[in-house]
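I have placed the structure first, in the form of structure tokens, so that the comments after it can refer back to it.
Values in this document were obtained by computation on a predicted structure and should not be read as measured data. One-based numbering along the sequence shown.
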Amino acid sequence: MELATDTVEKPTILVVDDTADNLALMMELLKDDYKVKLANSGERALKIASAGHPIDLILLDIMMPGLSGYEVCQILKADPATRHIPIIFLTAMTATEDEKKGLEMGAADFITKPVNPPIVLARVQTQLQNKAAADFLKDQNAYLETEVTKRTRELAAIQDVTILAMASLAETRDNDTGNH
């Protein structure tokens with residue numbers, strides 16, 4: 001008897017970079033532990049992110065022709081369907097102002113190139129764990145909201161029945177107590 005060791009689906013990471021070498025490097029680094037999707041432009045990244053197949057994390061370059069990484073981040077964070085996806089900027093821009101701007105836009109992290117593979121893997125893992133915890137809490141919150149609504153309806157029904165019973169008792173006249 002053989003046990004299935006890969007029953008949990010791998011998280012999906014979208015890597016967005018206009019340089020083929022950087023895409024190949026990230027694919028090689030991530031492919032063993034994650035399902036990796038690649039986009040060579042911001043426009044392509046937006047199509048993939050909104051295609052309906054869940055993306056768990058986005059590694060996003062800032063300097064790209066067409067839409068910049070900042071613009072892609074802004075569009076993703078403005079859309080309710082994609083705002084929950086953690087974004088890690090992966091860029092050659094090293095200025096503190098660039099990092100500050102990215103984090104203020106809603107990015108979860110900021111990694112400068114050239115990348116240090118163990119650092120990238122650790123930060124990706126951390127953000128995926130944070131997302132899993134946030135997703136769990138969101139699911140628990142939805143469950144609790146449903147339970148509260150259900151119990152509130154039950155209490156209202158019990159209250160209605162109790163009021164009806166009390167009203168019925170109040171209408172009952174007893175000869176032994178003087179028809180009170």
Side-chain angles (χ1 to χ4, degrees), residues 4-143:
T5 58
D6 200 25
T7 56
V8 177
E9 190 173 324
K10 292 178 180 181
T12 301
I13 298 177
L14 172 60
V15 180
V16 186
D17 200 307
D18 61 318
T19 307
D21 289 342
N22 290 339
L23 290 174
L25 172 71
M26 295 313 296
M27 173 61 96
E28 189 61 32
L29 180 63
L30 300 168
K31 71 179 183 182
D32 291 337
D33 298 319
Y34 307 104
K35 182 177 177 184
V36 181
K37 293 186 176 192
L38 303 175
N40 60 1
S41 70
E43 294 83 358
R44 179 85 180 117
L46 292 173
K47 286 180 187 172
I48 293 171
S50 62
H53 304 292
I55 301 293
D56 296 298
L57 180 91
I58 298 174
L59 292 171
L60 180 60
D61 187 21
I62 293 175
M63 297 183 297
M64 297 184 292
L67 289 176
S68 73
Y70 289 138
E71 292 168 315
V72 172
C73 180
Q74 192 172 23
I75 292 167
L76 290 170
K77 293 301 177 181
D79 184 350
T82 56
R83 76 170 42 132
H84 68 283
I85 302 172
I87 296 171
I88 299 176
F89 279 119
L90 191 60
T91 182
M93 298 172 71
T94 59
T96 303
E97 296 80 31
D98 298 321
E99 184 172 354
K100 182 179 180 224
K101 180 178 179 180
L103 295 172
E104 285 174 349
M105 294 182 85
D109 206 343
F110 195 96
I111 302 173
T112 56
K113 296 176 186 174
V115 298
N116 180 337
I119 297 295
V120 171
L121 291 173
R123 290 189 177 180
V124 163
Q125 183 63 32
T126 297
Q127 292 307 320
L128 288 172
Q129 287 172 346
N130 288 347
K131 182 181 184 299
D135 289 347
F136 174 78
L137 289 175
K138 188 173 91 176
D139 291 345
Q140 284 296 102
N141 189 42
Y143 169 77

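Looking only at side-chain heavy atoms (C-beta outward), T91 and D98 stay at 4.5 Å or farther from each other. Taking 4.5 Å as the limit, some side-chain heavy atom of L76 sits within range of a side-chain heavy atom of I58. M93 has its side chain within reach of M63: a pair of non-hydrogen atoms, C-beta onward, lies under 4.5 Å apart. Side-chain contact between L67 and L46 is present, with at least one heavy-atom pair separated by less than 4.5 Å. With a 4.5 Å cut-off on side-chain heavy atoms, Y34 and L128 count as touching. No side-chain heavy atom of L90 sits less than 4.5 Å from a side-chain heavy atom of D17. D109 is not listed as a side-chain neighbour of T126, based on a closest heavy-atom distance of 4.5 Å or more.
A side chain to side chain contact (heavy atoms under 4.5 Å, CB included) with L59 holds for exactly one of V124, V16, L14; it is V124.
Between the CZ atom of R123 and the CD1 atom of I111 there is a distance of 5.0 Å, given to the nearest 0.5 Å. The distance from the CG atom of D135 to the NE2 atom of H84 is 6.5 Å, given to the nearest 0.5 Å. Note: N40 CG to R44 CZ = 8.0 Å, rounded to the nearest 0.5 Å. Rounding to the nearest 0.5 angstrom, the gap separating the CG atom in N22 from the CG atom in L38 is 11.0 Å. Rounded to the nearest 0.5 angstrom, L57 CG and I13 CD1 are separated by 5.0 Å. To the nearest 0.5 Å, atom OG of residue S50 and atom CD1 of residue I55 are 9.5 Å apart.
Side-chain atoms of E71 come within 3.5 Å of backbone N or O of S68 as a donor-acceptor pair.
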Derivation and outcome, side-chain contact (heavy atoms from CB on, under 4.5 Å), residues Q125 and D33: CA-CA 10 Å; Q125 183 63 32; D33 298 319; over 6 Å; no
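When every heavy atom of K131 is checked against every heavy atom of D56, the shortest pair comes out as CD-O, 3.1 Å. The two residues P117 and L29 have their closest heavy-atom pair at CB-CD1, 3.5 Å. The two residues P86 and Q127 have their closest heavy-atom pair at CG-O, 4.3 Å. Scanning all heavy atoms of the two residues, the minimum distance from A78 to R83 falls at O-NH2, 3.4 Å. Considering every non-hydrogen atom in both I48 and A39, the closest pair reads CD1-CB, 4.0 Å. Taking both residues in full, the closest heavy atoms of V15 and M26 are given as CG1-CB, 3.8 Å, listed atom of the first, atom of the second, then distance.
For Q74, the CD atom sits in a loose shell: 12 or fewer heavy atoms of surrounding residues, nucleotides or ligands are nearer than 6.0 Å. More than 12 heavy atoms of other residues, nucleotides or ligands sit less than 6.0 Å from atom NZ of K113.
The side chain to side chain contact (heavy atoms under 4.5 Å, CB included) check on D18 picks up D61, M64, P65, with sequence neighbours excluded.
Screening residues 55-76 for ring pair (Phe, Tyr, Trp, His ring centres under 6.0 Å) gives Y70-F89 as the qualifying pairs, with residues at least two apart or on separate chains. Each ring pair (Phe, Tyr, Trp, His ring centres under 6.0 Å) pair with one or both residues in residues 93-124, not counting sequence neighbours, would appear here, but there are none.
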